[in-house]
Amino acid sequence: MNNKILIYQVFTRLYGNRNSNRKENGTIEENGSGKFKDFNQSVLKHIREMGFSHIWFTGVIRHATQTDYTKYGIPRQNAAVVKGKAGSPYAICDYYDVDPDLAVNVNKRMEEFEALISRVHRAGLKVIMDFVPNHVARQYHSIAKPIGVKDLGDGDNQSEGFSPQNNFYYCPGCKFEPQFDVQDYEEYPAKSTGNDHFDPHPGVNDWYETVKLNYGVDYYTGQGYFDPIPDTWNKMTDILLYWTSKGVDGFRCDMAEMVPAAFWAWATDKVKYHNPDIIFIGEVYNPAEYRNYINAGFDYLYDKVGMYDTVRNVICDHGSSSFITGAWQSVDDIGRHMLYFLENHDEQRVASDFFAGSARKGLPGLVASVLMQSNPFMLYAGEEYGERGMDKEGFSGQDGRTTIFDYWSIDTLCRAAEHKLTDEEKYIYDVHEKVLRIARKEKAIDGAFYDLMYINPWSERFDNNRQYAFLRKKDKDTLLIVCNFSDNEVDIDVKIPGHAVNFLSIAEKKYKAVDLLTGDTATFQIKGDDSVAMTVAPYSARVWKF
């Protein structure tokens, strides 16, 4: 087993839900909800055996919802500022509480989450949870904060649009009046909206259900006021330390780049003092800011606008597979910090009509994304079965994504639990499982990487627009990996340059090779600047080990 991090993202409310009603805009009573208990030892063992090292439990912290939990002492949220019946997991209404939807006994919801953390650790896995630092629900109010902790907004000077020690930004003298009808909801003075909307009139496409947190940056001038330390810094760091004390092993930080890097440097230092092994994953989309946030303490950043967008374009035949080389080269100095993925809760499912229309088309992209580097890879639950994400759930329309706003269940996960997958879904799962296990078990994945595209320009025997080839090497183990993004079976020659043979210390001789994906065997004569011939099936890959 090597050190490669493989993250299984689960939307906790959906993952274990086996209710098949799937009524559009249905309530929790109609459509059900998954629970912490659904992650029993059997489920966790399966996730571990697939090859994963971490589980990201999305949507754990209590957020705004239209479901009434007032009989448990939980304040009710106004439906006018909640998106969907279940609500967005990124509209946090209590940083010190967990989502009651996920508990069997609502009054013991925190104990149920703590028990989940213990089960995950016993299964040999680690826990990642969301930290949502940029914004909170419009009606944020903590009922679970520790004694002595002041709530966000307590003590704010609401007559100032910006004050370094305020927790929120305000629109003094203005009511909250969005550009759509709001019934029976009043907010005065209006707070600025989470997506940096600094007037009281957000539109329906804004993050109107949230309010922006103030980290000491005057967004009207762009100037930061960090001395003395802003109050929000202390409060948010204390929240990170609270969850660290529960045994959480890492945080996926939502829209991290909307919070100043100076805060992250201060906060991550304090958290890692208490747990040096904890990891921080940042949702950062601006490549110009990558290095700033890594220097501020982030272990990993989303490689969305580079690798994800590139691989997606290749899968959809909108770009050349040779562009993958440019994607990794553009961040080569920080490559070990980049997190690869093909799906997550924000992105469209590969098999959806809005992406590739078929999970099989995504398989060469999976192989490339998982095996070409040693950095982490993340997979979204259901992706391993080819989940299409084509449901029209309610607030989330038919958009190729799995809803985060509605009570729902995921078709492929339900049928997988009942052993009712189609032959195609079984094939998709089989490939995913093999690739993930290769990533965790083959020591070459911990070793050197050598991109073969520069030495294999387009020819009758290699199409560098639809094939991608590379080597991995550690000690005596070498992997030759060739991905075929085309819809045709191809007979190709892959040239191995003399530089690769020397750089990787590969002995020039005849080898017996086995394809770790299919079990096929072959004999290769490896010699610098000679070619290796092979056949690769459509939408497939070869992972030759010799």
Side-chain angles (χ1 to χ4, degrees), residues 1-9 44-56 120-128 249-250 252 276-281 294 298-301 303 307 311 324 328 331-342 363-379 383-384 429-452 468-483 500 503-506 511 513-519 541-546:
M1 196 71 76
N2 60 42
N3 295 317
K4 186 168 177 89
I5 290 176
L6 296 174
I7 301 169
Y8 191 52
Q9 182 194 1
L44 295 170
K45 180 182 178 184
H46 171 72
I47 293 170
R48 174 66 174 170
E49 288 179 346
M50 283 183 68
F52 292 104
S53 57
H54 294 65
I55 306 180
W56 166 19
V120 172
H121 288 163
R122 287 198 304 273
L125 294 157
K126 294 185 177 181
V127 174
I128 295 173
D249 303 292
R252 177 269 184 188
D277 295 325
I278 206 158
I279 64 172
F280 282 83
I281 300 170
I294 290 169
F298 277 97
D299 300 280
Y300 307 108
L301 303 178
D303 199 335
M307 190 58 70
V311 174
I324 295 173
W328 70 257
V331 290
D332 191 30
D333 61 313
I334 54 171
R336 65 189 180 90
H337 294 286
M338 304 311 294
L339 173 70
Y340 292 168
F341 57 89
L342 289 180
L363 294 178
L366 171 79
V367 173
S369 298
V370 176
L371 300 183
M372 71 175 167
Q373 299 279 15
S374 300
N375 54 302
F377 177 82
M378 178 175 70
L379 185 143
E383 179 182 348
E384 68 270 36
Y429 175 81
D430 181 63
V431 174
H432 276 80
E433 184 178 47
K434 287 177 179 176
V435 172
L436 294 167
R437 288 183 174 179
I438 291 167
R440 285 284 282 167
K441 293 184 177 181
E442 293 297 328
K443 64 180 178 181
I445 301 301
D446 247 355
F449 162 72
Y450 196 102
D451 193 312
L452 296 172
Y468 183 69
F470 57 96
L471 291 163
R472 302 303 309 270
K473 173 73 159 53
K474 186 172 185 179
D475 300 332
K476 293 183 178 180
D477 287 359
T478 304
L479 299 179
L480 170 59
I481 302 170
V482 182
C483 305
F503 177 75
L504 299 175
S505 299
I506 301 173
Y511 290 92
V514 60
D515 182 354
L516 299 179
L517 290 179
T518 65
R542 291 289 198 177
V543 182
W544 295 109
K545 180 180 180 179
F546 60 91

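Note: hydrogens, waters and symmetry copies are ignored here, and every other heavy atom, side chains too, is used.
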Identify all side-chain donor-acceptor contacts of residues 331-339 below 3.5 Å with residues at least two apart in sequence or on another chain.
from   : atom 1 : to     : atom 2 : distance (Å)
Asp333 : OD1    : Arg291 : NH2    : 2.8
Asp333 : OD2    : Arg291 : NE     : 3.0
His337 : ND1    : Asp299 : O      : 2.8

Do Ser374 and Arg472 have side-chain N/O donor and acceptor atoms under 3.5 Å apart? yes
Within this structure, what is the CG-OH distance for the pair Asp303 and Tyr300, rounded to the nearest 0.5 Å? 14.0 Å
Residue list, side-chain contact (heavy atoms from CB on, under 4.5 Å) with Lys443, at least two apart or on another chain: Lys474, Asp475, Asp477
Are Arg252 and Ile7 packed together at the side-chain level, in the sense that at least one heavy-atom pair is separated by less than 4.5 angstrom? no
With no hydrogens and no angle check, is any side-chain donor or acceptor of Lys434 less than 3.5 Å from a backbone partner on Leu517? yes
Could you check if a side-chain atom of Thr478 sits within less than 4.5 angstrom of a side-chain atom of Lys545, using non-hydrogen atoms only? no
Could you measure the distance from the CD1 atom of Ile445 to the NZ atom of Lys473? Nearest 0.5 Å is fine. 13.5 Å
When you compare the side chain of Arg542 with that of Ile481, does any pair of heavy atoms fall below 4.5 Å? no
Residues in ring-ring contact (aromatic ring centres under 6.0 Å, His included) contact with Tyr511, at least two apart in sequence or another chain: Phe546
Of all heavy-atom pairs linking Arg437 and Glu49, the shortest is NE-O, 2.9 Å
With rounding to the nearest 0.5 angstrom, report the CG to CZ distance, Leu379 to Phe341. 12.0 Å
Parallel under 30°, tilted from 30 to 60°, perpendicular over 60°: which one fits the rings of His46 and Tyr429? parallel
For residues Tyr468 and Phe470, establish whether the separation of their ring centroids is below 6.0 Å. yes
